[in-house]
Each structure stands twice: as structure tokens, then as C-alpha cells.
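Take a look at the structure below.
Reckoned from all heavy atoms, side chains included, excluding hydrogens, waters and symmetry mates. In what follows, chains carry the letters A, B, and so on, assigned in the order in which the sequence lines appear, proteins first and then strands, with residues in each chain numbered from 1.
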Amino acid sequence: MDRACARAASDRIAHPPARAIHWAGTPVMIDPVLDISASVRAAVVAVLGAAGESADLAIHRSEHADYQADVALAVARLLKRPPKEVAAAIVERLPPSDVLSDARVSGPGFINLNCRPEYLAMQLDRMRADSRLGIESALHPDTTVVDFSSPNLAKEMHVGHLRSTILGDSLARILDCLGHRVIRQNHLGDWGTPFGMLIEHMLDEGAAGNNDVRELSAFYRAARLKFDGDPQFADRARRRVVLLQSGDPPTLEHWRRLIDATTSHIDALYKQLHVALSRDDIAGESLYNPRLEGIVGELERAGLARSSDGAVCVFLPGFVSREGQPLPLIVRKQDGGFGYAATDLAALKHRLQALRAHRVLYVVGAPQSQHFAMVFDTARRAGWVPEGARLEHVAFGSVLGQDGKELKSRAGGAVSLSALLDEALLRARAIVDERSSSLEEGERARIAEIVGIGAVKYADLASDRIRDYVFNWSRMLTFEGNTAPYLMYAYARIRSILRKAGVDAATPASGPAAVRIDSPAERALALEILQFPGTLARVGETLQPHRLCQQLFRTATAFSGFYDACPVLNAEPAVRSSRLALCKLTARVLARGLELLGIDVPESM
RNA sequence: GCGCCCGUAGCUCAGUUGGAUAGAGCAUCAGGCUUCGAACCUGAGGGUCGGGGGUUCGAAUCCCUCCGGGCGCGCCA
């Protein structure tokens, strides 16, 4: 288990376990590992003495029991006794418990642990009564900056932006849910040499079209061709950059027109994608322009940066170039202009000092890992990074085509994001029309939107982000296995049951304990549901939303098994109300989990 | 050349930071709808975890080495 849970577990030895449910954001310890740890810890201390206080209990889910503890194997060597004997001694010393029904030694020294059904039911009831579903709020909330999406000015968003946008949105939601103060930063690429080129081309052509970014994209390509082929134009473009950077009013006016066109384009896409990014979150490269001079000066005075071949560079130990020479981080170019290293350094300093961030996340592709390693290292050496602050490059793999080669926008082969989403909607609509032909037109359209967008996002989030991603329609829109539609279908079936039973779906439960755990299918579902808060806490540390996807998939699978084995509506009254409560709790977990991934759920489909 | 990442079933992927016989989905085969939604469920076959060493009671996981693939490595961002 994660560090937070381990800490909470040891607290429970010192203080009597609080059984009361706490409301309004105070921690509700749901995860059975916490209570199991307390019992096992007591037994281990009884066997080992003080050394047992710090021993790793290694409690986790098991195929052979509800949970297993591997602590005996780990500590056997310290005691110079056979692991099986140590395990038996620990089992012997387990205190009487309302948590565990049985514990036995197995294999070379594993301790298999089963929970009492009444205990699982009680934990579920506590979770049901909690509007936060047992998700603990961080005891020491961090201010966390999440830098993600980062489209470019005057260019259409394409598949290459998809991962950063979706991953960043999900991580921001999750960290926010865990009680941290999240500051979203959309590092819009709105500054640099391309804009001199664009504005110069605008002036040549008399206009830059209207506010349609698709036109602007063509405009961009035309300007680029001219820039590459016409040295005189290239010179004018470079001079225009200087005018832009020095704040020349007519130049700025044209630049703002580009900004307006771009923001209306990306706003529409964010809305369609259900990504929580607004204009207020835009902190583009231009924002840092006035500070670049000062940043470079500061680095020079600190002895970190020095002149090299006419540029100003930071040289860091451990970074070596192709020729074996020290590898520079170029903060100021030969021509006096500032590169993206300077901008990133200024942005980082701003986030640490003005925004007072404890944690800064960069949701940016893996190819830039060396760049960020150098930027972070420089910031530390400059003394900008407070003790304990974390700078993390949340790296992800490249988007590849079917041929396994990287999709590159400059090659002209990149699929535009809006075209991609349009196709996702069309394909989802065809499936919904076929499967849910009895529903009305408007209803089918709404479902197709939820399913289509959700499928695309989930396909991206469900695989480990560090791996390369092969862009593949059938992968995105296959509705089987670990996919959004599978989870949505489980949710829709629950909602159907709840509608028939007249149960309100969204609100926390009130009243006395109602859940009973009798059958194996109920137990399996209960154990998955109770994993939810701990999984979220873990994702908050590892920044791997695919672990949340995995957990939701296991929960939905367990529900399908339960659905198959356990009739709800026709069961006898006590069983019926218990199973209804289990259904409703499952629905809330699925809906909340998907919400944290930025994905909507349909009430029917 | 140096550095980082990846390599797991025919395909697409997990593997809870070192634990039991390496798990899912797709595909294949065999079953299950007069009962809450079959976009579902149950079962079967399918593996030298890229190769080889090492550490360990115990390795897909940690270390070394080799092979294969990708990316980065001075003025684009």
C-alpha cells in the first residue's frame, strides 16, 4: 500500500480505531488493508518486539484469499527461523478481531487472510454514507501546477495534442479530488519566430481570413513555404519578430487576432472533449517574455550561465553532447533572442515563487525528457526550488501511425483533432443506432456523444502513458473488454434496475446499515469497490490514470458477475434492499471514477 | 558514440514497486437468454516474460551484459 495508508495504519495502533463516520471531507478509512494492517502489526510486534514496528507487512490482494501478508518471508532471516514457523507464530498472535474471519499459513510462509462478511458490509455502509465515497482528503494539501494541453497559436489541434490534454485533465481532476489545490496552466505556444512569419504573411495578403482556424492552418503552411523559399521574406519575418517582442502596436494588433481565432477553436474542442480548461487557465509563452532578460541575467550572476559561441548557455554535469562535449541548455541565442529553455525556466520560477507550487507537473511527451531534466536541474541550482517541492515530467509515448512511425504535423499527415472527434461521433452513432434502435433520435445522439468521446478518451487513458501509442480506430472504438462502453454498459444496467426499484441514484445513503455479503459474487464485488479510494490515492502519487481504469474495469467485471449470479428485484425484501444498496454504490463508484477520467456516463444506452 | 524509453499469449495490453501455478480483453473452440438490459456471463486451449549471466529463501520486476526497436543529443518549440 501507499505511504499515506501505511502512516494511517500505524496511527491506528496508537489510537483506538474510530468507528464513527466523519462527514464533510474528514477522512473515512475504508480500505480493509488499514484494519488488517493494524491486526497484523500487533501480531508482528508481539513476535518480533520493537523490530516489528517498522517491518514491511506487505499486505495485498490475493487469489488464494481476500488478502495475504508476506511479512513472515521478509523477516524470517532476521529471526534466523524458517518462514513457515514465523508465519505460524504471527498467526498465533493475531488479536481477536471483528475484521478477520480466518488466517492461515500457506506455501513457503504466506499468511492468507479472509475478512468477515459483516466487516465488509460495515465498510460498504460507511462508504455508502459518505458523499466522497471514502476518498480521503490530503492531510497536507499541496498546491499543484498541472501544465498540459499546450496547443500552438494559429494551428489546428491534432492527435499529438490529445494525450497531453486528456492525461492532464484527468490528473488535475484526480489531484483536485484528493484535496490538493490544483492550478491548471495551458502553456499556449503563442510566442517565437513563427509569428513574425505569420504576421508578415498577413500583411502581404491583406488579411488572415476570418476566425476559422482551419483556414489559419492553411495560412500557416503557406507562410512556412514562403519562409523556407524566400530569403527576403525570411528576413522580414525575423524583423517582425523583433517588432512583436518590443511591443509594436500594429504588430500586436495582428497578433491578438491570431490569439482570438485560436482560443475560440480550442475552447470548442475542450468543450466537446469535456476537458476542464478555460481561457483563465491560459498562461502562454508570451506571458513570460518580459522576464526572460532578468532570468538570463540572474543565471549569469549566479555563475550558472556563461557565453559560448555567442550564445548564453547553462552547462550541467552529467549532460554530454554527441561529440562528448558538455551539452548546453541554451537560454539566449546568438542573435540575442530567447529560446524555449528560457521560457520554461521563467515559467517554472513563476510557478514556484508567484504561484507557490509544491508540485509542478509537466504533461509533455517523452522525447522532451532530457530538456526537462536540464530545466529542473538548473532551477534547483539557481535555488528556486524549495525543500520538498517536486518537479515532475509526466512523460508519455508518441502517437504512431499504423506503420509504426511517428505522426508528425509538419509532414502534413497529422489527423486534426476535430476531424478525429467527428469520426468518433459518427462511428459511435452507427453503433447506438443499431443497438438501441428503440430510443428516440435525440436520445441516441446524446448517447453516441457520450460513448464516442468517452471511448476515445478511455482508450488513451487505459494504457500506461510511457508507452508509444498506435493510433487505431478499431482500438479506440472497440466496445469490448477494458473500454469505456463496457463500463458505461455496466452503469446503464444498474441505472435500469434502480429506475425499476424507484431508487434515487446519485445521493449518499442514509439510515441504518443495510448491506449484507452472502454469496461469492457479492464478496468479490465488495472487495473491488473497497479498493477505489486506495487506488485513487495511489494514482495521485504515480500519476498513472491507467491504474484507475484498471480498477474500474475490475469493478465493472465483478458487477457483471454479481448481476449474473444475484437477482436483485425479485429477491426477498432484506436481500433485495442489500443488493439495491450494492448496485447503487457500484454505480456511484463507476460514475465518480469515470468523472475523474473526464468521461461522462449515459443513464441508458 | 553517449543518454533515456520500450520488448510479456497469434493480436492489443495489465502485472498493486521482490512473492504462490505470469493475468485480462480480442481472436479460436465449447456452453448459457419464457426471470432485473446477452454491448453480458461460465469454461477450454494458447507463454523459454527478447537472449545470457548475477543478487535473493523467491526475479517479468533489482544489477551486469548482449540483441532488437524508438527517441534525444548547439541556437525550432
Side-chain angles (χ1 to χ4, degrees), chain A residues 1-2 58 60-64 68 70 73-74 76-77 82-83 106-110 112 150 152 187 189 191-194 285 308-313 318-325 327-335 337 339-341 343-344 365-371 373 395 397-398 400 404-406 410 431-432 434-436 451 462-464 466-468 470 472 474-475 478-483 485-486 488-490 492-498 500-501 531 534-535 538 542 546-547 549-551 553-554 557 560-561 563-571 579 583 604-605:
Chain A
M1 258 298 134
D2 52 86
H60 53 96
R61 292 290 307 281
S62 169
E63 301 166 42
H64 303 85
Q68 74 182 57
D70 299 342
L73 291 156
R77 196 143 54 112
S106 171
F110 304 109
N112 285 344
S150 309
N152 288 311
H187 196 72
W191 208 247
T193 38
E285 293 168 349
S308 169
D309 290 345
V312 181
C313 304
F319 294 93
V320 180
S321 80
R322 204 192 312 258
E323 294 78 22
Q325 300 299 307
L327 179 67
L329 183 68
I330 298 170
V331 292
R332 181 160 213 169
K333 299 183 286 186
Q334 275 180 336
D335 65 5
Y340 74 132
T343 309
D344 275 336
Q368 297 202 43
S369 59
Q370 184 171 262
H371 167 71
S398 304
L400 308 179
K405 290 180 185 171
E406 188 160 5
R410 284 179 200 167
I431 292 167
V432 171
E434 186 191 330
R435 307 240 185 209
S436 309
V451 169
S463 65
D464 194 355
I466 197 62
R467 297 171 59 116
D468 286 349
V470 177
N472 184 330
S474 60
R475 179 185 172 198
T478 288
F479 290 1
E480 289 155 325
N482 186 11
T483 63
Y486 179 86
M488 291 174 180
Y489 180 65
R493 289 211 290 188
I494 298 172
R495 291 308 320 268
S496 175
I497 290 177
L498 297 181
K500 287 192 166 73
Q531 297 283 103
T535 299
R538 188 176 189 85
T542 67
H546 79 281
R547 290 174 184 271
C549 295
Q550 201 81 29
Q551 180 57 42
F553 178 58
R554 280 197 298 265
T557 302
S560 292
Y563 184 91
D564 203 55
C566 304
V568 176
L569 295 175
N570 296 331
R579 289 181 176 168
C583 282
S604 59
M605 64 188 286

Spell out protein contact along nucleotides 39-47 of chain B as letters: B when the base is contacted, S when just the sugar-phosphate is, - when no protein heavy atom is under 4.0 Å; keep the 5' to 3' order.
BSS------
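The nearest heavy atom of RNA chain B to A:Pro108 and to A:Gly339 marks one nucleotide each, and the one closer to the 5' end goes with A:Pro108. Map A:Ile497 and A:Ala58 each onto its nearest nucleotide of RNA chain B; the residue landing nearer the 5' end is A:Ala58.
A 3.5 Å limit on both hydrogen-bonding distances identifies B:A44 as the Watson-Crick or G-U partner of B:U28. The partner of B:A60 is absent, by the rule that a Watson-Crick or G-U pair needs both atom distances under 3.5 Å. Using the Watson-Crick or G-U wobble rule with both distances under 3.5 Å, B:C49 pairs with nothing in any strand shown. Look at B:G23: its Watson-Crick or wobble partner, with both distances under 3.5 angstrom, is B:C13. Using Watson-Crick or G-U wobble geometry with both donor-acceptor distances under 3.5 Å, B:C71 finds its partner in B:G3.
The phosphate of B:G37 (OP1 or OP2) has a side-chain N or O of A:Ser496 nearer than 4.0 angstrom. For B:G7, the OP1/OP2 oxygens have a side-chain nitrogen or oxygen of A:Arg467 closer than 4.0 Å.
Within the nucleic acid shown, A:Glu285 comes within 4.0 Å of sugar-phosphate atoms alone, with no base atom in reach, counting heavy atoms only. A:Thr343 comes within 4.0 angstrom of no nucleic acid atom, judged by non-hydrogen atoms across all strands. Residue A:Ala571 is classed as having no contact, given no heavy-atom separation below 4.0 Å to the nucleic acid. A:His546 comes within 4.0 angstrom of sugar-phosphate atoms only, judged by non-hydrogen atoms across all strands, and of no base.
To the nearest 0.5 angstrom, A:Ser150 atom OG is 8.5 Å from A:Glu285 atom CD. Taken from OG in A:Ser398 to CZ in A:Arg467, the straight-line distance is 13.0 Å, to the nearest 0.5 Å. Expressed to the nearest 0.5 Å, how far CD of A:Gln550 lies from CD of A:Gln531 amounts to 12.5 Å.
A distance of about 37 Å separates the C1' atoms of B:A77 and B:G15, rounded to the whole Å. The P atoms of B:A22 and B:A60 are separated by 9 Å, rounded to the nearest whole Å. Look at the C1' atom in both B:A59 and B:G25: the space between them is 27 Å, to the nearest Å. Of the C1' atoms belonging to B:C73 and B:C26, the separation is 40 Å, rounded to the nearest Å.
Counting to the nearest Å, the P atom of B:C13 and the CZ atom of A:Arg547 are 17 Å from each other.
Looking only at side-chain heavy atoms (C-beta outward), A:His371 and A:Leu329 come within less than 4.5 Å of each other.
A donor and an acceptor atom, one from each side chain of A:Gln551 and A:Arg554, are located under 3.5 Å apart.
Taking the syn range as angles within 90° of 0, the glycosidic angle of B:U65 is outside it, so the base is anti.
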